[in-house]
Amino acid sequence: MASRYHEVYEGWKQDPDKFWSEAAEAIDWVTPPSKVFDANAGVYGRWFPDGVCNTCYNAVDRHADGGRGDQPALIYDSPITGTARTYTYKDLKAEVAALAAVLADLGIEKGDRVIVYMPMIAEAAFAMLACARIGAIHSVVFGGFAAKELATRIDDAKPKAVISASCGIEPGRVVAYKPLLDGAIDHAEHKPEACLILQREQAEADMIAGRDHDYAALVGAARSAGRDPGCTPVAATDPLYILYTSGTTGVPKGVVRDNGGHMVALKWSMNAIYGIDPGETYWAASDVGWVVGHSYIVYAPLLHGCATILFEGKPVGTPDAGVFWRVIADHKVAALFTAPTAFRAIKKEDPDGTFIGKYDLSTLRTLFLAGERADPDTIHWAEEMLKVPVIDHWWQTETAWAIAGNPIGLGQLPVKYGSPTVAMPGYDVQVLDDAGHPVDAGTLGNIVVKLPLPPACLPTLWQNDERFAESYLDEFPGYYKTADAGYMDEDGYLFIMARTDDIINVAGHRLSTGGMEEVLAGHPDVAECAVIGIADKLKGQSPAGFVVLKAGVDRPEADIEKELVGLVREKIGPVAAFKIAMVVARLPKTRSGKILRGTMRQIADGEDYKMPATIDDPAILDEIGAALKGHGIGG
Ligand code: COA
Ligand code: AMP
């Protein structure tokens with residue numbers, strides 16, 4: 001079948017208002033929008049400016065009350081605890097309504113913020129949906145972040161309440177969340193009024209009288225009483241959530257998502273991009289702490305009336321490299337979406353795919369990969385093993401859905417390995433040189449999107465229009481800067497090659513090397529430092545830190561290196577996967593004092609590099625090479 005992509009993309013380009021107003025018909029509005037886009041509102045315009053709606057209603061009630069009540073909505077599958085439970089749309093509505101009633105009892109109102117700091121359990125999704133139900137704004141913080149990261153988010157979002165659990169479970173260890181939460185609240189200037197804590201049997205949390213409340217007791221009572229505050233109508237432009245993502249400094253950026261545009265774009269994507277019909281099972285093996293989890297574990301599949309899977313486990317080791325196939329077979333998954341790193345982990349454990357033959361994978365039609373560059377080797381292996389199309393697609397926390405992809409529902413386009421294929425309708429993607437001029441096909445440059453961004457993309461950063469403009473809009477006037485570099489070929493296929501800022505991608509997790517440098521610089525013995533991302537076979541990249549000690553420090557270097565590794569783990573969290581720190585005598589710099597991080601990375605990755613013309617002292621590069629060799633890194 002010929003793909004309808006070109007026709008649909010052109011249709012959008014000719015008349016974006018018509019395209020998005022048709023897509024908006026798939027949403028149940030309290031008051032349908034009379035206008036699709038207002039170019040004069042907000043920083044660069046706002047979508048569906050006078051629409052009134054409720055996201056929870058569209059994700060839950062509409063299906064629960066409209067013929068899908070007994071259909072599975074959310075499947076919690078937890079190999080790490082050996083439990084599984086299926087919630088129908090009716091069950092989901094009961095859980096979410098009860099929790100919403102409890103939140104309302106705690107004084108949470110429309111527009112209030114609620115931080116959700118939870119492991120991968122069904123209650124994390126209930127918490128997000130319950131906030132949406134009463135018009136509160138959730139901000140989910142990934143469970144692998146440490147207390148300080150949580151504190152930064154508490155101070156920025158100023159939540160009235162926090163919903164958390166006593167613990168998360170990682171292979172071989174129970175991660176007690178409550179001490180991290182208490183530490184974060186102690187550390188933060190802003191103090192949430194209430195914490196709702198789900199006690200898990202693996203670790204009982206100590207409760208603080210007056211502030212902490214037991215989730216199971218309060219929600220259980222509300223559920224038994226059949227309480228439901230109902231769905232609060234909100235403006236399409238009101239925030240649904242804030243999701244913090246790494247910026248160039250240690251202070252993360254609060255990406256704001258609206259209600260109306262978000263629903264329209266996500267609902268549209270489910271069939272057009274993923275080729276999924278309502279009633280099918282869709283599985284995004286990610287975490288609710290990341291944007292993939294927000295969009296494709298919780299909101300999009302539920303808006304579309306699918307069953308979604310919330311998986312508490314790892315691709316390997318829980319219990320083995322066959323767990324993904326077991327989940328697909330058990331729940332008849334039609335589409336799997338995960339990060340390439342998960343497949344690299346499976347391939348490493350089970351290169352011949354011996355586990356695959358043990359399961360019935362006949363329901364699986366497509367594998368989608370995103371979160372980091374999908375290397376052709378991994379794609380080839382997955383294609384060979386699974387015998388289904390393997391689709392790379394490219395997006396960011398900021399966008400909530402794919403900027404570029406291969407739209408299965410519109411008809412698959414030919415695959416070019418190493419490319420996430422073409423711009424999706426809504427995105428006018430261009431490649432510019434540093435002066436802002438378009439470059440020729442095949443030439444590397446800054447990848448930008450012509451404004452306005454499509455529905456669901458961030459309208460701004462939380463209470464910070466200035467930082468939004470400065471971070472994304474000022475450098476290339478009229479365009480959104482993705483901060484990814486790459487090129488477009490003559491067929492319009494995009495190739496995403498590298499970040500243009502100091503963000504690195506570790507196992508599909510987006511991290512700021514600037515944030516890690518701030519932590520290293522806080523060590524009393526450190527005079528200056530640099531953190532770079534070096535190539536890692538499994539995780540794509542992993543961070544490595546170089547520090548110069550203050551004059552007069554004569555403690556053993558190995559002790560200091562160990563302390564630095566511990567410090568990043570304590571301040572940012574284990575998810576930073578910061579395991580390499582090395583003391584060096586000097587850092588390579590330009591004559592104007594800029595650290596040559598790019599050249600250091602090339603040395604670490606064993607790449608050929610050109611001696612930077614502006615280097616202050618070329619001999620330092622040899623010292624860096626020797627230090628890396630001393631740690632078993634580099635060619
Ligand atoms: N809570 C607490 N700690 C967490 C955590 C969480 N939610 N998630 C990860 N961590 C910890 C891990 O336990 C690990 O700790 P350790 O240093 O004590 O071993 C550390 O953070 C690094 O975790 P991770 O990067 O996940 O590495 P890993 O070696 O444990 O697992 C993979 C490797 C490839 C299996 C794993 O990274 C993976 O499943 N990746 C998929 C990524 C993904 O879904 N990304 C989302 C974008 S789509
Ligand atoms: P995050 O905001 O965590 O989703 O990370 C977004 C960043 O991850 C992008 O800006 C890219 O640098 C990278 N990324 C995500 N998906 C892809 C992909 N398919 N190919 C290449 N890079 C990707």
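Numbering of residues begins at 1 and proceeds along the displayed sequence. Counting starts at 1 for both ligands and their atoms, following the listed order.
- Geometric assessment of Arg153 against the ring of Phe145 yields a positive cation-pi assignment under the 6.0 Å and 45° thresholds.
- For atom 29 (O) of ligand 1, the nearest protein heavy atom lies under 4.0 Å away.
- Under a 3.5 Å cut-off, the side chain of Glu372 and the backbone N or O of Asn505 do not form any donor-acceptor pair.
- Centroid-to-centroid, the aromatic rings of Trp395 and Tyr296 come within less than 6.0 Å.
- Trp283 and Phe311 have their aromatic ring centers within a separation under 6.0 angstrom.
- Nearest protein heavy-atom contact of atom 6 (C) of ligand 2 is Trp395 O, 3.6 Å.
- Atoms of ligand 1 lying under 4.0 Å from at least one heavy atom of Gly143, given by number and element, are 1 (N), 2 (C), 6 (C), 7 (N).
- Using a 4.0 Å cut-off between heavy atoms, Phe337 makes no contact with ligand 1 at all.
- Short contacts between ligand 1 and Pro315, defined as distances under 4.0 Å to a heavy atom of the residue, involve ligand atoms 35 (C), 39 (O).
- Salt-bridge check for Glu607 with Arg601: passed, with a basic side-chain N closer than 4.0 Å to an acidic carboxylate O.
- The aromatic rings of Tyr427 and Trp401 sit tilted, their planes meeting at an angle between 30° and 60°.
- Each of the atoms 18 (C), 19 (N) of ligand 2 lies under 4.0 Å from some heavy atom of Asp392.
- Distance screen at 4.0 Å: atom 32 (C) of ligand 1 has no protein heavy-atom neighbour inside the cut-off.
- By the 3.5 Å distance cut-off applied to N or O atoms, Lys579 is counted among the residues near ligand 1.
- What sits closest to atom 9 (C) of ligand 2 on the protein, heavy atoms only, is Asp484 OD2, 3.2 Å.
- No donor-acceptor pair closer than 3.5 Å links the side chain of Glu312 to the backbone N or O of Pro119.
- Counting only heavy atoms of the protein, atom 16 (N) of ligand 2 lies nearest to Gly371 N, 3.1 Å.
- Taking the side chain as every heavy atom from C-beta outward, Thr338 and Ser286 never approach each other to under 4.5 Å.
- At the top of the distance list for atom 18 (C) of ligand 2, counting protein heavy atoms only, stands Glu372 O, 3.2 Å.
- Aromatic rings from Phe355 and Tyr359 are positioned such that their centres are separated by 6.0 Å or more.
- Ring geometry for Phe324 against Phe343 counts as perpendicular: the plane angle is over 60°, on a 0 to 90° scale with 30° as the lower cut.
- There is a protein heavy atom less than 4.0 angstrom from atom 11 (C) of ligand 1.
- The protein non-hydrogen atom at the shortest distance from atom 5 (O) of ligand 2 is Arg510 CD, 3.5 Å.
- Residue-to-ligand polar distances place Glu170 within reach of ligand 1: an N/O pair is separated by less than 3.5 Å.
- Below 4.0 Å from some heavy atom of Ile496 lie the following atoms of ligand 2, by number and element: 21 (C), 22 (N).
- Under 4.0 Å is where a charged nitrogen must lie from a carboxylate oxygen, and between Lys314 and Glu170 at least one such pair does.
- Atom 22 (C) of ligand 1 has as its closest protein heavy atom Pro574 O, 3.6 Å.
- Shortest contact from atom 1 (P) of ligand 2 to any protein heavy atom: Thr397 OG1, 3.4 Å.
- In terms of protein heavy atoms, atom 8 (O) of ligand 2 is closest to Asn505 ND2, 3.2 Å.
- Any N or O atom pair closer than 3.5 Å counts here, and Arg173 shares at least one such pair with ligand 1.
- Here the OG-NZ distance, from Ser164 to Lys178, works out to 8.5 Å after rounding to the nearest 0.5 Å.
- Near Thr341, meaning under 4.0 Å from any of its heavy atoms, are these atoms of ligand 1: 34 (C), 40 (N), 41 (C), 42 (C).
- Ligand 2 has no nitrogen or oxygen under 3.5 angstrom from a nitrogen or oxygen of Glu398.
- Between the Thr83 side chain and the Pro79 main chain, no donor and acceptor come within less than 3.5 Å of each other.
- Cation-pi contact between Lys481 and Phe476: absent, since separation from the ring centre below 6.0 Å together with deviation from the ring axis within 45° is not met.
- Where the criterion is an N or O separation shorter than 3.5 Å, residue side chain and backbone included, Lys539 meets it with respect to ligand 1.
- Considering backbone and side-chain N/O of Thr245, none are found under 3.5 Å from N/O of ligand 2.
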ring-ring contact (aromatic ring centres under 6.0 Å, His included), that's the test. Do His304 and Tyr274 meet it? Break it down for me. CA-CA 11 Å; His304 202 49; Tyr274 298 98; 9.8 Å; no
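- In this structure, the protein non-hydrogen atom closest to atom 8 (N) of ligand 1 is Phe142 CZ, 3.5 Å.
- Each of the following atoms of ligand 1 lies closer than 4.0 Å to a heavy atom of Val575: 21 (O).
- Under a 3.5 Å cut-off, the side chain of His294 and the backbone N or O of Trp290 do form a donor-acceptor pair.
- On a distance-only criterion, Arg569 and ligand 1 share at least one N/O pair closer than 3.5 Å.
- Using a 4.0 Å cut-off between heavy atoms, Arg344 makes no contact with ligand 1 at all.
- Of the protein's heavy atoms, Ser286 OG, 3.3 Å lies nearest to atom 46 (C) of ligand 1.
- Nearest-heavy-atom check against atom 44 (O) of ligand 1 across Ala285, Cys167, Gly508 picks out Ala285.
- Between the side chain of Asp502 and the backbone N or O of Gly514, at least one donor-acceptor pair lies under 3.5 Å.
- Ranked by closest heavy atom to atom 45 (N) of ligand 1, the top entry among Gly371, Ala507, Ala576, Ser542 is Ala507.
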